[in-house]
Amino acid sequence: MKDAVYVLGGEQTDFQRNWTKEGKTFMSLFREAVQDGLEKVGLTPDEIKKLNKQNRIGVFVGNFDAEQYAVQGHLGAFLTEVDPCFFGVPGARYEAACASGSVALDAAQTKLRAKDYDVAIVVGMEIMKTVSSSVGGDFLGTAAYYEKEAKGVQFPFPKLFGKLADVLLERYKLDEKRYMGALAEISRINYANAKRNPKAQTRSWFMNNEHANSRGGEFNMAVGGRLAITDCSQVTDGAALVVLANKNYAEEFAKKKGTKLSAYPKIKGWGHRVAPITFESKVAESKGDKWVLPWTRQTVKDAFDRSGMNTKDIDVFETHDCFTSSEYAAISAFGITQPGKEHEAIEDGVIDFHGKKPINPSGGLIGAGHPVGASGVRMMLDIYKQVTGTAGDYQVEGAKNGLMLNIGGSATTNYVFVVGK
Amino acid sequence: MREIKTVTVLGANGTMGAGSAAIVAAFGKAKVHMLARDVNKAKEGIEKAISSIKTDTIRPRLIPGSYDQDLEKAVSESDWVFELVAESYEVKEPINKRIAKARKPGTIVSTVSSGLSIARLADAFDEDGKKHYYGTHFFNPPYKMILCELVTHAGNDKKVTKKLGEYLDKTLGRAVVYTNDTPAFAGNRIGFQLINEAAIKAEEYSDKGGIALIDAIMSGYTGRAMAPLDTADFVGLDVHKAIVNNLYEMTKDAAHSTFKLPGYFQKLIDKGDLGRKSGQGLYKMTKTPDGKKEKLYYDIKGDLFVPVPKFDIPFIKEANRRIGEADYIGAMNIVKEAKGLEADIARYFIARYVSYSLSLVGEVVDSKEMTDLAMGTGFNWAPASAFVDFLGGPKETISLITKAKLPVPEVLAKAKAGKPFYQLKDILDARSLFKG
């Protein structure tokens, strides 16, 4: 891809926090995320003011459902509450369910490539613990076709991804015990990885393969067909910020920092595809196809085509494991295995932290947490950390190129970014 | 240090014993001998352990037993003996003698004591036993409160200490705070200093709202989810007494007089009003005639329970509002500038907490990060160093401490201006501990 977009850095909030319990609102979450992020990157209010005067900077906010969770819309304008340096800076909110962060990243990179702006501040955020889990489950139902798939259904998404687990099992004629064991192992890996991540929601929670495999009963209730609580990501409050820039500014910034442009990774490729919205129509459309989620696979291929890279070039993955079944399907979408053979990669330790193709060293959505609108931006931040060698205890050794997959709905909106130096 | 595959927990029926056994069985995948006075109590401990960590998968690894029947055999096959029996030399020393006879060389033995001398308890053991004897002070409930104070004494081997610290941290997921063998170690010394001084002040201002007033002043904006006297009620007034009496007897620092147990605490203890566990203590929950829940507090002078009033203290409202908006420095500015008795009390206690926490560096712990971690993960209290930053830095904090006529700790006096004083930001977000 020409007209490179650089990632200058960012920060995320501690996903363990419950902002409502702290007596704080979505605005406090927003304020801390933005202040911390800009401080970490080293983008000062004076610099933002200067860039704004020259009309070179924009703000892109990814959020799914602040209207329902926080009774607040118009989030694109909220950086003005954080600091007066944002007065006048163009900003808007972007929404695509759990891929809201990615659609904000995509809007940002598009403006940078077109040289409309030189700098983009991308914030993803969701505050979810303002309501009970059942009310929140109903809100999340609007990421599906609410009337047809969620209305009156308790916890619709575990059920939709439970159906994905069923379809994968049936389509590839898998051994059920082995397959469910592989899903449990996905859970174990994500929790184990989260223990190295100081911002992960579950970093002090207990999980092992035995517990993840003990589905049903008091301590690991079934919530969606074959899936139990340990197969699910958790309700999370959180926000993440990254700063992107085109070459015009990245060079300037590197000079100011006394470093080289090559210190910053680039977005090397991207993909964006939308599958039929209902899960039923997805399954019907993919009958006879090699992949159960062909549009997810296509999104990965698009990103590979744009970057001129392939699976072999990717050292680390961050994927959308809202449920273990979604991570399972992603393994073949990435090209790590053929479809129907994903469990082999799991059993052989390929996707483990020390494996050949580590997935979710951060802990992913299951381990690190899933504040819906923040997840895409958090993944971008984690890939940035990995390829710049700044991931601390969860650094994958020698990672040069990383890929993130962020999906909205039941694998409806698919987004992939390839980032590397 | 040997790999820890088998563990004996003594006192396995208590909340701490069962909770700790659950951590060892779950995170450490160890076989755990759960020992209590009798086997039925040990079986109760197993149920408590399972429900504390919410996984039935540890059940096969938990083996019930009694001190009389099973101690020697369990200890002889264990790699770690974790003793959580009652907090007194009279109970612990005879048990240690039995452990000393039965243990194999290399077996770690540790106590969860929160105040006794580790060196004295280690005396029951031979040279190898002394080398492997530690304080491993877990906090209650262990699954939620991840602090473990690893208390060493002069007879320990640094290599073993390092390995044990790594095991507690990496395998069991504890926030390990290394402390010297000093009374009440770090967490309880700081925590109970503040709680007991709050109790003393409550008596001084008993005609102005006493216990309820002090807790209202020390609420969420001062960096604690639970106010100090509510905390004393939660841990039990008898436990509080044991800790502060020991501190009063064993320490002679600048806060010495603040460890004296107030008379009304003893009065309540004598009546059996020990706090939440006995239904009433400093507080009592009741129901109004129309069936609504109501919280009462103990009126010290009147010796009766009266409803907790809704205090209208403007600076607290404003500080809470600022915290609610994530403006932590703004909140502390409000506290610094507010007028009136309540503001004086708030400033005094913030100054005291920072002064006392940091004064233990050198004596109890090697660095301020250790006291910060202890308070953040053992009490859920905002660490002292975070206050320094929110108060505007070392200079502003020293001014607050000086005005309160309290000692300025050396580590604060030597601090460089313009640099964040709190260094654990990437491990513990101190802002999360302030409640708006």
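Naming convention: chains lettered A, B, ... in sequence-line order (proteins, then strands); numbering from 1 in each chain.
Ion pairing between A:Glu210 and B:Lys29 fails under the 4.0 Å rule for side-chain N and carboxylate O.
Contact annotation for B:Ile23: neither backbone nor side-chain heavy atoms come within less than 4.5 Å of a heavy atom of chain A. Looking at A:Ser204, both its backbone and its side chain come within 4.5 Å of chain B, counting heavy atoms on both sides. For a residue to count as touching a neighbouring chain, one of its non-hydrogen atoms must lie under 4.5 Å from one of that chain's; by this rule A:Arg196 does not touch chain B. Residue contact with chain A, scored on non-hydrogen atoms closer than 4.5 Å, is absent for B:Tyr221.
Using a 3.5 Å distance cut-off with no hydrogens or angles, the side chains of A:His211 and B:Thr55 do pair a donor with an acceptor.
Without hydrogens or angle criteria, A:Ser28 side chain to B:Gly324 main chain gives a donor-acceptor distance under 3.5 Å. In this structure, A:Lys24 contributes its side chain and B:Ser432 its backbone to no donor-acceptor pair below 3.5 Å.
Looking only at heavy-atom pairs under 4.5 Å with chain B, the residue among A:Asp36, A:Asn213, A:Asn220 that has the most is A:Asp36. The choice from B:Lys435, B:Lys54, B:Lys425 that makes the most heavy-atom pairs within less than 4.5 Å of chain A is B:Lys54.
B:Ile427 and A:Arg203 get closest at one heavy-atom pair: O-NH2, 3.9 Å. Contact record, B:Asp426 with A:Lys199: OD1-NZ, 3.9 Å, taken as the closest heavy-atom pair.
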